[in-house]
Chemist: 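Structure provided below as structure tokens; questions to follow.
So that the names make sense, note that chain A is the first sequence line, chain B the second, and so on, each numbered from 1. These values consider heavy atoms only, across backbone and side chains, with no hydrogens, waters or symmetry-generated copies.
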Number of protein chains: 2
Amino acid sequence: MRTRRVTQREIARIAGVSQATVSAVLNGSTSATVRIPPATRERVQRALEQARYVADPAARRLAGLGNKILGVFTYEPAMSVETVDFYGPLLTGIEESAERLGCDLLFLTASPVVGGRRRLLDRRTRFRLADGCLLLGQDMDEQEVAELVAEGYPCVAVGRREEPSIPYVGVDYGALTLELLTRARALGHRRATYLHADRQTPSALDRVEALGRATAGGVLDVRTEIVTDDDLERAARDAAGRGETLVLCENAFTAARVGSALVDDDTVSVAALGETEGHAVAGRQVSGFRLPRTRMAHEALTLLHRIIDGEAAPAKRHRLLPGRVEPGETLRAADGASR
Amino acid sequence: MRTRRVTQREIARIAGVSQATVSAVLNGSTSATVRIPPATRERVQRALEQARYVADPAARRLAGLGNKILGVFTYEPAMSVETVDFYGPLLTGIEESAERLGCDLLFLTASPVVGGRRRLLDRRTRFRLADGCLLLGQDMDEQEVAELVAEGYPCVAVGRREEPSIPYVGVDYGALTLELLTRARALGHRRATYLHADRQTPSALDRVEALGRATAGGVLDVRTEIVTDDDLERAARDAAGRGETLVLCENAFTAARVGSALVDDDTVSVAALGETEGHAVAGRQVSGFRLPRTRMAHEALTLLHRIIDGEAAPAKRHRLLPGRVEPGETLRAADGASR
DNA sequence: CTGAAAGCGCTTACAG
DNA sequence: CTGAAAGCGCTTACAG
């Protein structure tokens with residue numbers, strides 16, 4: 001367990017100076033008074049090189065310094081076979097940014113899963129080792145995060161949050177939803193149903209709210225219906241039965257299922273109000289969104305870094321990035337024409 | 001930077017005991033002599049709960065305890081768009097295992113890149129915060145790693161290593177290569193060329209060595225040729241010109257390029273001596289290997305954990321896992337028949 | 001210009 | 001049974 005290590009004391013002995021002097025050389029003499037003569041400095045540097053000194057991050061941390069370690073807390077596994085599709089581009093951005101910022105990444109995979117999601121504030125959680133923490137996942141306990149923020153611990157969520165104290169970088173689902181509906185209207189659609197699960201996450205609310213505005217504004221008349229997974233196909237067929245020409249779904253997975261169920265009904269279009277990359281029904285790209293996930297990760301890590309350095313004005317701690325509507329092939333003209 | 005935190009001292013004050021007693025309660029009284037009466041214990045526990053105490057990992061580490069943090073050092077970026085294809089399954093296994101073992105993961109993304117690869121033993125490297133470290137990537141400085149091992153720092157490489165002191169979990173490229181050649185022979189092939197870069201990594205050596213054995217053993221007569229990237233297509237056409245019926249490549253990328261160059265020559269087969277998942281030429285799955293990457297990660301992390309716990313007998317620190325030959329569609333019968 | 005000292009939060013013998 | 005003390009390796013005022 002204990003590995004024999006080179007410490008500042010040892011370097012000091014070699015160089016014939018005090019341990020504090022070694023520290024001063026290493027840290028570029030922060031204290032204005034400390035001005036070490038080049039000769040001494042060189043002697044210490046040589047000893048440092050020769051003995052391959054590496055500072056103990058635990059000791060630095062304990063002594064109050066930043067460690068350049070950024071925590072990554074995911075409320076569900078990020079690299080699993082099921083989720084890597086979605087998280088992959090986020091991880092890409094996270095790794096790139098961390099490298100650019102010269103930071104290491106602490107993935108908090110050990111935090112125990114209680115009631116289906118990881119607990120952030122658990123006795124065993126080691127996020128405090130990190131200078132700050134990135135939070136990924138829909139199912140976040142905002143209260144818990146807010147406490148952390150109130151304590152002064154730097155956090156950034158990926159995805160919009162309701163709790164105003166929580167910094168975040170998210171995607172503008174409202175604008176995307178409106179854009180997709182406008183497109184649908186141009187294709188001749190007038191009535192649609194939105195099938196969604198009963199979840200109260202901020203992005204889920206953003207979608208529903210945008211649908212409400214679209215309906216009120218006369219863009220498209222959208223009925224919303226909460227359905228369980230088992231009822232999805234039934235609900236989609238009911239919508240078709242009522243003469244609605246478009247079924248909107250919460251994500252690409254449910255859109256693909258609905259698309260399959262209605263595959264031989266050319267009069268009903270399907271679209272997802274979420275990322276649809278790589279999702280197709282009968283070879284047709286599912287219509288929906290393209291979310292700038294790599295860029296989100298970049299922006300989130302950069303924001304986190306700024307907050308840690310005390311540079312981010314509170315006003316700049318909330319950011320919604322624009323996405324792009326993916327026209328796809330499952331949103332067709334309302335009369336069933338191919339476009 | 002500094003976040004106001006609940007310490008053992010504060011808990012001690014609340015519970016009316018000494019700080020050492022709090023530590024004893026937390027650590028299940030290791031010292032045989034310490035037997036805290038249930039009443040005191042409960043009082044401390046309550047204070048712990050109430051104040052939401054979380055131990056400072058830096059302090060624990062400094063005091064000589066393990067942190068249940070496993071380092072992951074990659075000699076090239078693992079989550080980049082280019083590499084995530086290969087590393088993805090490894091990351092999946094790493095995350096799963098870490099979760100199962102109750103460990104966090106420290107990705108050493110900050111280590112500076114010097115001369116094209118990350119330096120492990122650099123003053124800024126923070127791997128010592130981790131209880132041990134997983135090493136990923138071909139281009140590893142074995143000498144450097146051996147030093148670390150000699151110091152007693154627990155390390156496991158993913159991929160075979162020459163340096164006998166370095167523990168590793170790899171894939172049996174030799175056996176896979178032989179199996180693929182045996183298959184080629186059954187398909188009527190007699191002469192082949194192996195096009196490869198001039199790299200001396202252990203797995204590259206394993207392949208060449210297996211090809212030598214196959215040639216000596218009369219399985220297949222394999223010429224080997226070192227080529228640069230620019231020369232690949234030319235070398236492949238030369239092989240075809242010499243009447244060889246099979247071009248072997250080092251990896252799926254070069255195999256795909258060779259396959260494209262020879263796409264209208266039905267008499268020459270192509271195969272890669274590496275993972276070919278997701279690689280195709282003109283819609284044909286590239287013939288090659290399937291490597292158990294997720295399982296490798298599992299085994300590697302488990303081995304690392306054992307070494308950290310001092311449980312792994314040195315004899316069990318080297319492990320080659322079997323892979324599987326992927327028949328694919330670019331290795332066809334030597335006479336050009338479709339199979 | 002440089003050293004001695006206190007302190008970061010924890011563990012672990014060692015005394016009472 | 002529980003507290004006082006030393007020590008892990010570092011930083012940072014504060015004395016010389």
Side-chain angles (χ1 to χ4, degrees), chain A residues 1-13 15-44 47-48 51-69 123-124 126 128-129 131, chain B residues 1-13 15-44 47-48 51-69 123-124 126 128-129 131:
Chain A
M1 184 72 280
R2 276 294 65 192
T3 68
R4 193 66 210 114
R5 305 212 34 223
V6 180
T7 69
Q8 290 187 357
R9 184 162 53 182
E10 215 160 320
I11 301 294
R13 199 179 40 71
V17 298
S18 83
Q19 176 261 329
T21 304
V22 177
S23 176
V25 170
L26 281 168
N27 296 297
S29 52
T30 331
S31 249
T33 15
V34 181
R35 210 145 291 153
I36 295 145
T40 313
R41 188 178 292 276
E42 296 241 325
R43 209 142 30 85
V44 172
L48 248 17
R52 292 163 162 285
Y53 173 79
V54 180
D56 185 331
R60 276 175 74 84
R61 178 82 189 151
L62 195 56
L65 251 64
N67 258 336
K68 296 224 155 218
I69 292 177
R123 186 160 322 149
R124 283 156 289 180
R126 280 171 286 252
R128 303 216 182 244
L129 200 51
D131 298 340
Chain B
M1 182 76 278
R2 278 289 67 194
T3 67
R4 192 67 210 115
R5 305 211 36 224
V6 180
T7 69
Q8 289 186 359
R9 184 161 56 181
E10 214 160 321
I11 301 293
R13 200 179 41 70
V17 297
S18 82
Q19 177 261 328
T21 304
V22 176
S23 176
V25 170
L26 280 169
N27 295 297
S29 50
T30 330
S31 252
T33 15
V34 181
R35 210 144 290 152
I36 295 144
T40 311
R41 186 178 292 276
E42 296 241 324
R43 208 142 31 86
V44 173
L48 248 18
R52 294 162 159 288
Y53 173 79
V54 180
D56 184 330
R60 277 176 74 85
R61 179 83 189 150
L62 195 57
L65 253 62
N67 259 336
K68 297 226 153 214
I69 293 177
R123 187 162 321 149
R124 284 157 288 180
R126 281 171 286 253
R128 305 218 181 241
L129 200 52
D131 297 341

Chemist: Mind calculating the distance between CD (B:Glu10) and C1' (C:dG9) to the nearest angstrom?
Modeler: 12 Å
Chemist: Taking only N and O in the side chain of A:Ser23, is any of them less than 4.0 Å away from OP1 or OP2 of D:dT11?
Modeler: yes
Chemist: Does B:Thr21 have a side-chain nitrogen or oxygen under 4.0 Å from the phosphate oxygens OP1 or OP2 of D:dG3?
Modeler: yes
Chemist: Taking 4.0 Å as the cut-off, does a side-chain nitrogen or oxygen of A:Thr7 come that near to OP1 or OP2 on D:dG9?
Modeler: no
Chemist: How long is the span from the CZ atom in A:Arg60 to the NZ atom in A:Lys68, to the nearest 0.5 Å?
Modeler: 10.0 Å
Chemist: For DNA chain D, which consecutive runs of 3 or more Watson-Crick or G-U pairs (each distance under 3.5 Å) count as stems?
Modeler: C:1-3 with D:14-16, C:5-12 with D:5-12, C:14-16 with D:1-3
Chemist: Dump the intermediate steps for side chain to side chain contact (heavy atoms under 4.5 Å, CB included) on B:Val22 and B:Tyr53, then the final yes or no.
Modeler: CA-CA 11 Å; B:Val22 176; B:Tyr53 173 79; 5.8 Å; no
Chemist: Side-chain N or O of B:Ser18 less than 4.0 angstrom from OP1 or OP2 on D:dA4?
Modeler: no
Chemist: Taking only N and O in the side chain of B:Gln19, is any of them less than 4.0 Å away from OP1 or OP2 of D:dA5?
Modeler: no
Chemist: To the side chain of A:Thr40, which of D:dC10, D:dG3, C:dT2 is closest?
Modeler: C:dT2
Chemist: Taking side chain to side chain contact (heavy atoms under 4.5 Å, CB included) as the test, write out the residues that go with B:Ala59, two or more places apart.
Modeler: A:Leu62, B:Asp56
Chemist: Measure from CG on A:Leu48 to P on D:dC10 and round the result to the nearest Å.
Modeler: 10 Å
Chemist: Report the distance from atom CG of B:Asp56 to atom C1' of D:dG9, rounded to the nearest whole Å.
Modeler: 14 Å
Chemist: Expressed in angstrom and rounded to an integer, what is the separation of A:Leu62 atom CG from C:dG7 atom C1'?
Modeler: 9 Å
Chemist: Whether the side chain of B:Arg9 engages the backbone of B:Gln19 through a donor-acceptor N/O pair (distance < 3.5 Å, no angle test) should be reported.
Modeler: no
Chemist: Starting at the 5' end of DNA chain D and moving along, which residue's nearest nucleotide shows up first, B:Gly16 or A:Val22?
Modeler: B:Gly16
Chemist: If I take atom CD1 in residue A:Ile11 and atom P in nucleotide C:dT2, what distance separates them, rounded to the nearest angstrom?
Modeler: 17 Å
Chemist: Pick the closest DNA chain D nucleotide for A:Gln8 and for B:Arg43 by heavy atoms, then say which residue is nearer the 5' end.
Modeler: B:Arg43
Chemist: How far does OG of B:Ser18 sit from CZ of B:Arg13, to the nearest 0.5 angstrom?
Modeler: 14.5 Å
Chemist: So, do B:Ile11 and B:Val25 sit near enough that their side-chain heavy atoms are less than 4.5 Å apart?
Modeler: no
Chemist: Given C:dG9, is OP1 or OP2 found less than 4.0 Å from the side-chain N or O atoms of B:Arg60?
Modeler: no
Chemist: Would you mind reading off the distance between A:Arg9 atom CZ and D:dC10 atom P, rounded to a whole angstrom?
Modeler: 10 Å
Chemist: Rounded to the nearest 0.5 Å, what separation is found between the CD atom of A:Glu42 and the CG atom of A:Leu48?
Modeler: 12.5 Å
